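This one's a predicted model, so the numbers in the text were calculated from it and none came from an experiment.
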Amino acid sequence: MSIFRFLVFSALVAGCLVGAVSSILHLTTTVPIVLAAETYENTGGHNHDGGRPHDHAVEEDGHSEKAGLMSSRNILTVIAMILAYVGFALLLNVYAEAFGTLNDWRQGIACGLAGFAIFSLVPAIGLPPELPGMPAAELASRQIWWTGSVVCAAGAVAAWKLMSGRYRWVFALFLVLLPFVVGAPRPETELTAVPHALHVQFIVFTLVVSLVSWQLLGASLGWLRSKRIAF
């Protein structure tokens, strides 16, 4: 098997595996929190029925419609997770070929940790994951800052890998801190009906799921790369 075909094949296998696992983790941890936050977004955290009697036929239709929407949302979540981690696996393969690493599952865990830091941890420090109903800065400014933080974090990892001596730590630290010196975009107001504890729980679960997923991605991709001859 040619190198290009192997890189694509291993990325597809590892990405589909991790995408499926990540989807299950999200559906059982973060999605229920999102649904809970949506109730605060829609009702402001209060019951507005005024004690009026319910129309059970309408309520059943509403439940059926909600179940259908949830099913569609879950399917889209699985598809999005698989596509995302296939893409991440391709990036890890390119990184591995460029730096001659990721040759077994142990090196894969280290690469997965780097991927988690670059794409999840560092950006989340400036722009924590948000729940529905929470105020947020303009989307374009958030996307620009997020992209800049990822590029700087990736540059820090590359600097640590390519440079030698103590100055590599200085340069790597400079790159990591640069986006925070510039400053992440902030919303005009911090007022929200979503409880702070719910938001903290969402951040923790999101980062934990991301860490587990990146570790699994690195380990599985490293194992596949170690078996390249078999393919």
Side-chain angles (χ1 to χ4, degrees), residues 1-19 21-22 81-129 142-184 203 206-231:
M1 181 178 290
S2 68
I3 293 179
F4 177 77
R5 289 173 57 197
F6 172 78
L7 295 181
V8 174
F9 172 77
S10 59
L12 285 173
V13 172
C16 288
L17 169 65
V18 177
V21 172
S22 182
M81 287 294 102
I82 290 176
L83 291 176
Y85 281 102
V86 168
F88 287 141
L90 286 171
L91 288 177
L92 279 181
N93 266 337
V94 172
Y95 169 82
E97 293 297 319
F99 294 101
T101 185
L102 197 56
N103 297 315
D104 54 44
W105 65 269
R106 294 179 181 84
Q107 292 182 357
I109 288 178
C111 290
L113 185 61
F116 165 73
I118 292 171
F119 290 98
S120 296
L121 182 60
V122 172
I125 295 175
L127 289 175
R142 283 183 289 148
Q143 290 176 331
I144 292 172
W145 189 91
W146 185 92
T147 302
S149 67
V150 168
V151 170
C152 287
V157 172
W160 179 84
K161 190 74 176 179
L162 296 174
M163 299 175 66
S164 59
R166 60 184 179 181
Y167 292 107
R168 69 176 182 174
W169 296 102
V170 175
F171 188 62
L173 183 61
F174 168 77
L175 288 176
V176 170
L177 294 178
L178 182 59
F180 302 98
V181 173
V182 174
I203 294 172
T206 299
L207 290 178
V208 169
V209 170
S210 179
L211 175 61
V212 172
S213 300
W214 272 103
Q215 294 288 269
L216 180 59
L217 182 66
S220 59
L221 199 58
W223 182 83
L224 286 170
R225 290 176 61 85
S226 71
K227 305 297 182 182
R228 181 184 302 191
I229 297 178
F231 296 114

(request) For this output row, return yes or no: ring centroids of Phe99 and Tyr95 closer than 6.0 angstrom. (result) yes
(message) Minimum heavy-atom separation for Gly126 and Ala184, please, with both atom names.
(response) O-CB, 3.5 Å
(request) Give, for atom CD1 of Ile82 and atom CG of Leu17, the distance between the pair rounded to the nearest 0.5 Å. (result) 10.0 Å
(request) Determine whether Val8 and Phe4 make a side-chain contact, defined as any pair of heavy atoms from C-beta on separated by less than 4.5 Å. (result) yes
(request) Please report the closest heavy-atom contact between Met81 and Gly19, naming both atoms and the distance. (result) CB-O, 3.5 Å
(request) Locate the shortest heavy-atom distance separating Val150 from Phe119; write the atom from each residue and the value. (result) CG1-CE2, 3.7 Å
(message) Within this structure, what is the NZ-OG1 distance for the pair Lys161 and Thr101, rounded to the nearest 0.5 Å?
(response) 5.0 Å
(message) Is there a side-chain contact between Trp214 and Leu121 in this structure, where contact means two heavy atoms from C-beta onward sitting under 4.5 Å apart?
(response) no
(message) Quick check for you: to the nearest 0.5 Å, what is the distance between Tyr85 atom OH and Cys16 atom SG?
(response) 13.5 Å
(request) Name the orientation class of the two ring planes belonging to Trp145 and Phe180 (parallel below 30°, tilted from 30 to 60°, perpendicular beyond 60°). (result) perpendicular
(request) Heavy atoms only: give me the nearest Val209-Ser22 pair and the separation to one decimal. (result) CG1-OG, 4.0 Å
(request) For residues Pro128 and Ile203, report the shortest heavy-atom separation together with the two atoms involved. (result) CB-CD1, 3.6 Å
(message) Has Ser210 got a side-chain atom pairing as donor or acceptor with Thr206's backbone, closer than 3.5 angstrom?
(response) no
(request) For Arg168 and Trp160, indicate whether the former's side chain and the latter's backbone hold a donor-acceptor pair under 3.5 Å. (result) yes
(request) Determine the minimum heavy-atom distance between Val122 and Ser149, stating which atoms define it. (result) CG1-O, 4.4 Å
(message) When you measure from the side chain of Ser120 to the backbone of Ala117, do you find a donor-acceptor pair of N or O atoms at a distance under 3.5 Å?
(response) no
(message) Distance check, rounded to the nearest 0.5 Å: Ile109 atom CD1 versus Leu221 atom CG?
(response) 12.5 Å
(message) So Leu211 and Leu113, do their side chains get closer than 4.5 Å, heavy atoms only?
(response) yes
(request) Quick one: pull up OG in Ser2 and CZ in Phe9 and give me the separation to the nearest 0.5 Å. (result) 12.5 Å
(message) Let me confirm one number: the OG-CG distance from Ser226 to Leu102, rounded to the nearest 0.5 Å.
(response) 9.5 Å
(request) Please examine the side chains of Phe171 and Leu175, heavy atoms only from C-beta on, and report whether any two atoms are closer than 4.5 Å. (result) yes
